[in-house]
Amino acid sequence: MFIIHNFAVFEGLDGSGTTTQLRLLAERFAGHSPPDSPLPPFFETCEPTGGPVGRLIRSVLGGEISLEPAAVAGLFAADRYEHLYGKDGIAGRCARGELVVSDRYLPSSLVYQGITCGEELPRRLNADFPLPELLLFFDLDPQIAQERLNARNGREIYEHLDFQVKVRERYKALLPEYAEAGVRVECVDASAGIGETAELVWRAVQKMPIMNRGYF
Ligand code: TMP
């Protein structure tokens, strides 16, 4: 598997704060664009995407429609293909020198669909996708993550404590594999305050070569 440079992903349990942290990171970049800014162009994105396949996945996650787990695994892979190679996709943006950060990507499929479908299917469906340059794992005790989710409205199909305990175990088992493949893997303590965690994220992103390649 090859690595897409200038591409970072946030991964973690549901409730670990990846979405909040990506918003804060985007705010840090907002209002700055070359040539008058020292920062590279920044593109914030997520999976499931807001595209047609991603919207279908959201209906499954919300429990509005029910599909076989293997079909859901296939939908996540189809959504990812569009995300990477469709119009204004990740691959093209990164090649043009944009810094792209996605709230979830391929590791989520190996972890979540690994639980619902077994390991082999999500590995096969995702075997040809490139890896990100940086993977930030937001580590949090599943019990604390669950308390955060309890404070929100609505509940998605994977947002239960017993499932999230397995999610954390699978991430822990999977992360060394990515490090061996050449991805820079960093664990962020997601139990810290929002501002403190944002600083850890900023420090990790600053180590990406694109942040120094003539921009500062
Ligand atoms: P989130 O946007 O709130 O993180 O919700 C996305 C949910 O979808 C989350 O429970 C993780 C799950 N998911 C998968 O099961 N497989 C995937 O490939 C991706 C990207 C997400």
Side-chain angles (χ1 to χ4, degrees), residues 1 4 7-26 44-84 86 89-90 100-132 135-140 142 145-171 174-175 178 188 190 197 201:
M1 267 190 283
I4 296 197
F7 180 36
V9 302
F10 289 4
E11 292 283 348
L13 278 67
D14 292 86
S16 63
T18 55
T19 308
T20 303
Q21 287 301 328
L22 184 50
R23 184 174 39 79
L24 292 176
L25 184 63
E44 168 195 3
T45 186
C46 66
E47 290 189 7
T49 68
V53 184
R55 290 200 299 276
L56 182 56
I57 294 172
R58 283 279 167 209
S59 309
V60 174
L61 294 175
E64 293 132 47
I65 54 177
S66 175
L67 296 177
E68 289 300 314
V72 177
L75 288 180
F76 275 115
D79 189 41
R80 184 158 302 128
Y81 192 95
E82 281 294 316
H83 198 200
L84 280 162
I90 295 169
V100 177
V101 183
S102 181
D103 184 3
R104 297 193 180 278
Y105 181 63
L106 188 161
S108 284
S109 276
L110 298 198
V111 167
Y112 286 74
Q113 280 62 59
I115 296 169
T116 58
C117 304
E119 222 176 280
E120 201 266 331
L121 181 70
R123 279 199 186 271
R124 187 152 41 85
L125 289 171
N126 288 278
D128 293 336
F129 291 131
L131 298 178
L135 189 167
L136 282 189
F137 176 63
F138 289 70
D139 196 15
L140 189 61
Q146 206 58 37
E147 282 160 22
R148 289 185 187 175
L149 291 173
N150 289 344
R152 293 184 194 169
N153 284 336
R155 177 76 58 111
E156 291 186 342
I157 54 173
Y158 303 136
E159 294 179 350
H160 295 281
L161 184 57
D162 52 345
F163 192 90
Q164 294 295 319
V165 168
K166 291 184 200 156
V167 166
R168 185 163 187 253
E169 280 167 11
R170 285 205 172 236
Y171 269 120
L174 187 67
L175 295 180
Y178 287 115
V188 172
T197 306
V201 171

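Counting starts at 1 for both ligands and their atoms, in listed order.
- In terms of the salt bridge (Lys or Arg N to Asp or Glu O under 4.0 Å) criterion, R152 has no residue partners (sequence neighbours excluded).
- Of all heavy-atom pairs between A77 and F129, the closest is O-CZ, 3.4 Å.
- Using a heavy-atom distance under 4.0 Å as the criterion, the protein contacts of ligand 1 are D14, E47, P48, R58, L61, F76, R80, R104, S108, S109, Y112, Q113, E156, Y158.
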Start with the C-alpha distance between T18 and E11, add both sets of side-chain angles, then the distance that settles side chain to side chain contact (heavy atoms under 4.5 Å, CB included), and finish with yes or no.
CA-CA 7 Å; T18 55; E11 292 283 348; 5.9 Å; no
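- In terms of heavy-atom proximity, E44 sits nearest to A26 at OE1-CB, 3.2 Å.
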How far apart are the C-alpha atoms of D14 and Y112, what are their side-chain angles, what is the distance that settles it, and do they pass the side chain to side chain donor-acceptor pair (under 3.5 Å) test?
CA-CA 11 Å; D14 292 86; Y112 286 74; 2.7 Å; yes
Side chain to side chain contact (heavy atoms under 4.5 Å, CB included) assessment of R80 paired with S109:
CA-CA 10 Å; R80 184 158 302 128; S109 276; 2.9 Å; yes
